[in-house]
Amino acid sequence: DEDLIKEKRPDDESKDKISVSCEDKQNDQADPHNWSNGKRLWTTAILFLLVFSQGWVSACDSNIAKPASKELHVSQTTETLATALFLLGISAGSLVVGPLSEELGRNPVYLVPSMFYLCFTLGDALTPNFGAQITFRFLAGVSASPALSIYGGSLADLYTTEEREKLWPFFALSPLLSPILAPVAAAWIEDYLSWRWVYWIGLALSGGVYLLAFLCLPETFSPMIIQWRTHHLRQLTGSDKYTCDLEGRDSLGKRLAQNLSQPAKFFTTEPVIITLGFYLIVVYVVIFTFLNGFEFIFTDTYGLSPGETGLAFLGICIGALISTALTPLIGHFFKNTSTTEEKSQEQPSEHLLIPAIIASPFFAISIFWLGWTNYKSISYWSDYAATILFGYSMTAIFVSSYSYIINIYGTWSSSALGSITMARYFVASGMLVAARPMYQGIGVHWSLTFLGCLGLLCLPVPFLIY
């Protein structure tokens, strides 16, 4: 072929570079937005399971502190370090994985660390002593940070803003409910088997999902797919004139060094990230203090069994499902109440915060309700009802905040979300260790009053951004 011969001539190198990009914005498969609905939903389902399985293991040992501490010869408060260090590992890893996924692609950042995560979880199941346990838990947390940090970027790769609005409330159940359901299951596993089986079952769940992801999860980062296309054109033509946006003049190492500073910049220079990030930190602090706190709220006050105390976590799950059902209805309602002129225009990103604006008062109310009615003279069903309201409000706040951030930062939202993930897991890990001494020291009422005041402080955040 004469054209191909021309491509291979040495003097071709002196010509201008040809930038490779998506030729057809509507049909080019280098853009995952153009994939079939079936392929995108299948990819989303794998990501959902990957996040759920590793989120499950993050909190699976929070409810086995008593038997584990007895066998490993440490106090229950010390044993909570096992969960806290996993969260701290997520915090440390999330600073790096977002920028890495925007240079190396999503798949390597998901799959390679997840393989090490499985090895470290196996180490926890076989741990001979407390030192080995917390070391493996920290390393497992670092390795799980990609799955628990950059899924927002993957969803931005796959879906338009309108599509994400419909899908995200359902996907958000994965990172939200997995650490809430895990302690419920762990209590029953420990009763019938042993505390080590909590890790074995988490390993089996994560291993099965990892195998599925390894075999079936496609790359979704469009610039990386275009870079593959660029390499293919170079091999096909023998010419180096083809280039793409992901390939800059700087070396890969220099680009990585520059991008690794992005999460810290986001959290220190972006007002939206700072304010919503602080709110999400408070949400996660409350969630993870409940992992130890429900023992004092339900078991100590009402004398309920561990299984009955676990119903409080199911109350949170019910509230989360209610929020998931209401979110699209709220969006539909406000769209119908808009004027004809407003309907014809593209809605601003801020409308995604409406569910959070509605839910914010209920977040603080639910915590005060839980604390101020926690007396033997008041039925424990009152506290169960408060957990449902808490589940609704925390899910609405989480879903709205993430939807808004993903929408305004798009493909580069992994770094933006990574900065928030780093901060919220870092603070939550400290509060998890402090929770038991806090409930023991100042009691349920003052502990929940303190947490409720934090919720009250954050109440105006989504409204001010809106």
Side-chain angles (χ1 to χ4, degrees), residues 84 87 91 172 175-176 179-180 264 266-294 296-297 316 319-320 323 330 350 352-374 383 386-405 408 416-417 419-439 441-466:
L87 302 183
S91 174
L176 278 175
I180 294 172
F266 273 118
F267 207 79
T268 55
T269 62
E270 293 286 330
V272 167
I273 300 298
I274 295 170
T275 52
L276 286 179
F278 179 74
Y279 205 166
L280 291 172
I281 286 172
V282 172
V283 170
Y284 263 65
V285 161
V286 177
I287 291 173
F288 282 100
T289 54
F290 280 169
L291 295 181
N292 288 319
F294 278 177
F296 298 92
I297 296 169
I316 296 176
S323 174
I330 292 172
E350 284 70 23
L352 296 170
L353 292 172
I354 291 175
I357 293 173
I358 296 172
S360 284
F362 296 113
F363 179 72
I365 289 170
S366 65
I367 301 172
F368 286 130
W369 177 358
L370 191 60
W372 294 351
T373 63
N374 189 245
D383 284 354
T387 63
I388 295 175
L389 185 62
F390 172 79
Y392 156 74
S393 57
M394 67 98 177
T395 303
I397 293 165
F398 180 87
V399 169
S400 289
S401 300
Y402 262 55
S403 294
Y404 180 65
I405 292 169
I408 61 176
L417 295 175
S419 64
I420 293 178
T421 301
M422 175 273 297
R424 76 170 192 258
Y425 278 111
F426 178 80
V427 177
S429 65
M431 282 302 298
L432 181 63
V433 177
R436 185 174 292 275
M438 180 177 72
Y439 282 103
I442 63 176
V444 169
H445 307 114
W446 282 109
S447 296
L448 293 176
T449 298
F450 166 70
L451 296 175
C453 288
L454 290 178
L456 203 60
L457 180 66
C458 295
L459 192 153
V461 166
F463 178 78
L464 292 175
I465 296 175
Y466 183 82

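Numbering starts at 1 and runs along the sequence shown.
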Under a 4.5 Å cut-off applied to non-hydrogen side-chain atoms, are L176 and F398 in contact?
yes
In this structure, CG of L280 is separated from OH of Y425 (nearest 0.5 Å) by 11.0 Å
In this structure, CG of N374 is separated from CH2 of W369 (nearest 0.5 Å) by 13.5 Å
In terms of heavy-atom contacts, P462 and C458 come closest through CD-O, 3.9 Å
Next item on the list: Report the C-alpha distance between D383 and T387 in whole Å, list the side-chain angles of each, state the deciding distance to 0.1 Å, and finish with yes or no for side-chain contact (heavy atoms from CB on, under 4.5 Å).
Entry: CA-CA 6 Å; D383 284 354; T387 63; 5.7 Å; no
Would one find more than 12 heavy atoms of other residues, nucleotides or ligands at under 6.0 Å from atom CZ of F426?
no
| said: Donor-acceptor check, side chain of T275 to backbone of V272, threshold 3.5 angstrom: yes or no? | reply: yes
Correct closest heavy-atom pair for G391 and T395 would be O-OG1, 2.7 Å
Smallest heavy-atom separation, A172 atom then V399 atom, equals CB-CG2, 3.5 Å
Practice task
Say whether, by atom type as modelled, one donor and one acceptor occur between the side chain of S429 and the main chain of L87 under 3.5 angstrom.
Solution key: no
**Within 6.0 Å of CZ in F362, more than 12 heavy atoms from elsewhere** = no
Within the distance-only criterion (no hydrogens, no angle test), does the side chain of S393 pair as donor or acceptor with the backbone N or O of A359 below 3.5 angstrom? no
Between the CG atom in L276 and the CD1 atom in I465, the distance rounded to the nearest 0.5 Å is 3.5 Å
When I367, V282, I316, V286 are each screened for side chain to side chain contact (heavy atoms under 4.5 Å, CB included) with M394, the one that passes is I316
* Asked: Do any N or O atoms from the side chain of S366 and from the backbone of F363 form a donor-acceptor pair under 3.5 angstrom?
  -> yes
Between the OH atom in Y279 and the CG atom in L454, the distance rounded to the nearest 0.5 Å is 11.0 Å
Checking F296, F294, F450 against Y439 for ring-ring contact (aromatic ring centres under 6.0 Å, His included), the one that qualifies is F296
Smallest heavy-atom separation, P179 atom then P175 atom, equals CD-O, 3.3 Å
In this structure, CZ of F288 is separated from CD1 of I180 (nearest 0.5 Å) by 8.5 Å
Side chains of S400 and I354, heavy atoms from C-beta outward: is any pair under 4.5 Å?
no
- Task: Test V461 against F278 for side-chain contact (heavy atoms from CB on, under 4.5 Å), laying out the working first.
- Result: CA-CA 9 Å; V461 166; F278 179 74; 5.7 Å; no
From the list V285, L448, L432, side chain to side chain contact (heavy atoms under 4.5 Å, CB included) with F290 holds only for L448
Distance col, row S401:OG vs I405:CD1, nearest 0.5 angstrom, shows 6.0 Å
Please lay out, stage by stage, how Y392 and I388 fare under the test side-chain contact (heavy atoms from CB on, under 4.5 Å).
CA-CA 6 Å; Y392 156 74; I388 295 175; 5.8 Å; no
